[in-house]
There are 2 protein chains.
Amino acid sequence: MVRPGGRSARVQEAVHSAVRELQAELGRAELTIPLVAARAGVTPSTIYRRWGDLQELLSDVAVENLRPDTPPRAHGNLAADLRSWAEQFIEEMASPVGRAYIRDALLGAPDGDNAARCSQYAAEQIAVVLARAAERGEGAPGVELVLDRVVAPMMYRILFRPGDLTADYARGLVDGLLDGSAAGR
Amino acid sequence: MVRPGGRSARVQEAVHSAVRELQAELGRAELTIPLVAARAGVTPSTIYRRWGDLQELLSDVAVENLRPDTPPRAHGNLAADLRSWAEQFIEEMASPVGRAYIRDALLGAPDGDNAARCSQYAAEQIAVVLARAAERGEGAPGVELVLDRVVAPMMYRILFRPGDLTADYARGLVDGLLDGSAAGR
DNA sequence: GCCTTAAAGCGAATTATTTGCGTTAGATGC
DNA sequence: GCATCTAACGCAAATAATTCGCTTTAAGGC
């Protein structure tokens, strides 16, 4: 039986909050499960049983932090909408905080769906942008193509390349996609 | 003073081998530093001092495992070479073992260069393919463009999408790149 | 309101990690 | 070669984290 409400929910909320607070106060290096437990007013064994280890817990919190809180801004045409979204995305994700969240999110159980949720968030935002284009009658690529051509390169560089990423790069990816074939497959 | 040779090198070799052996015998879930130390004939504190924690050690081993052992096969033209390389890449990397290595490699210290080395390996292999094309006088895209259009999408899906990746997908990425503009920027 | 039971609390036992200090063996200069 | 220097290792004690059996609590179904 699943018990999503009541005490379980309160514990989860308390633990997540404790992680966020301590992360801000001490940085991740100092985080330990006993410490989080104490701050959350919970016994360590509760966290061990529910999350398994610190990685899993951090992964959960990171995914929550990565959830977009607003729909993408509308600018009247597909190119502007996509550019704007990609620029904001790269700015958030390539920042030290963003990189840390992404890493943490990936750190969760490989068979879990934390990483998939991250991709899902991006896909949903892109779908909104593309739906607006369709309403206006603009030819637009599919969500998958935007993921391949815009999101994937940004993520690849964030994860595998140390250097910094600029909004220019994000804009270039969008332009490269839209120039080629406005009405993608 | 750095001491790459002698005892240090032997210890590193012994520890790495121990990790590989135990990973194969017990799986990663059962791996602990004391266990690795015992197998390597080394005291745990040696590992703690040199690597810090299990993540860092696994990351080192993973990067080593990800190093390509042979240059990309040559087939006489750019399209065939790239396709062949991408197919082999996705086959190795999207497998359960490959996915695990990639995750482990990324898990190392964010300011370390383990992740960058992975990207470096791919870039070098691609550079070889592109150099062959140049020798033949074929127009060819730059390494960065191949990373963006071929490697990044594969990696993105490996990391963020649970489903399976096929050689067809890899081939499609290569074809999409070469169709657009044979003489890329 | 009374069961049932998933989830939390508690504490002891186990295991991992840190740390100070002595020792070993590559490296360097003569 | 030989003496010297010192980074890296070994050892062991102290500390901290993790596991586990058992008890208690409270959410959800009747």
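Since the model is a prediction, treat every value here as computed from it, not as a measurement. Here is the naming used below: chain letters follow the sequence lines, and residue numbers restart at 1 for every chain. Because only heavy atoms are used, hydrogens play no part in the values below, and waters and symmetry mates are left out as well, while side chains stay in.
- Evaluated for a side chain to side chain contact (heavy atoms under 4.5 Å, CB included) with Trp85(B), the options Val128(B), Ile90(B), Val151(B), Val174(B) yield exactly one hit, Val151(B).
- As rounded to whole Å, 8 Å separates atom P of dT18(C) from atom CG of Asp53(B).
- Distance Arg10(A) CZ to dA26(D) P: 8 Å, rounded to the nearest Å.
- Using a 3.5 Å distance cut-off with no hydrogens or angles, the side chains of Ser17(B) and Glu21(B) do not pair a donor with an acceptor.
- Note on the helix from dT4(C)-dA27(D) to dC30(C)-dG1(D): terminal axis deviation equals 50°, with five pairs used at each end and the result rounded to 10°.
- Among residues two or more places apart in sequence or in another chain, the salt bridge (charged side-chain N to carboxylate O under 4.0 Å, His left out) test is passed with Arg50(A) by none.
- With rounding to whole Å, Ile47(B) atom CD1 is found 10 Å from dC9(D) atom P.
- Residues meeting the ring-ring contact (aromatic ring centres under 6.0 Å, His included) test with Tyr169(B), sequence neighbours left out: none.
- Atom CD of Gln12(B) is separated from atom C1' of dC9(D) by 15 Å (rounded to the nearest Å).
- Contacts with DNA chain C (heavy atom under 4.0 Å) in residues 55-63 of chain B: none are found.
- Scored by the ring-ring contact (aromatic ring centres under 6.0 Å, His included) test, Tyr101(B) finds no partners at all (sequence neighbours excluded).
- Between dG10(D) and Thr43(B), a contact under 4.0 Å exists linking OP1 or OP2 to a side-chain N or O.
- A distance of 12.0 Å separates CG in Leu159(A) from CE in Met154(A), rounded to the nearest 0.5 Å.
- Sorted by first and then second residue, the salt bridge (Lys or Arg N to Asp or Glu O under 4.0 Å) pairs involving residues 119-129 of chain A (not counting sequence neighbours) form an empty list.
- Contacts of Glu64(B) classified as salt bridge (charged side-chain N to carboxylate O under 4.0 Å, His left out), with partners at least two apart in sequence or in another chain: Arg20(B).
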Between the protein and nucleotides 20-24 of chain D, which nitrogen or oxygen pairs are less than 3.5 angstrom apart?
{"from": "dG21(D)", "atom 1": "O6", "to": "Arg49(A)", "atom 2": "NH2", "distance (Å)": "2.5"}

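- How far SG of Cys118(A) is from CG of Asp113(A): 10.0 Å, rounded to the nearest 0.5 Å.
- With sequence neighbours left out, the salt bridge (charged side-chain N to carboxylate O under 4.0 Å, His left out) criterion links Arg99(A) to no other residue.
- Within a heavy-atom distance below 4.0 Å of DNA chain D, the residues of residues 18-42 of chain B found are Gly41(B), Val42(B).
- Rounded to whole angstrom, the span from the CH2 atom of Trp51(A) across to the C1' atom of dA8(C) amounts to 11 Å.
- Taking 4.0 angstrom as the limit, Arg50(A) places none of its side-chain polar atoms (N or O) nearer than this to OP1 or OP2 of dA7(C).
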message: Between Asp175(B) and Arg83(B), is the salt bridge (Lys or Arg N to Asp or Glu O under 4.0 Å) condition met? List the steps.
response: CA-CA 8 Å; Asp175(B) 291 349; Arg83(B) 268 199 287 258; 2.6 Å; yes
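- Whole-Å rounding puts the Leu54(A) CG to dT17(C) P distance at 13 Å.
- In this structure, the side chain to side chain contact (heavy atoms under 4.5 Å, CB included) partners of Ala167(B), at least two apart in sequence or on a different chain, are Glu87(B).
- By the salt bridge (charged side-chain N to carboxylate O under 4.0 Å, His left out) test, Arg136(B) pairs with Asp81(B), Glu138(B), sequence neighbours left out.
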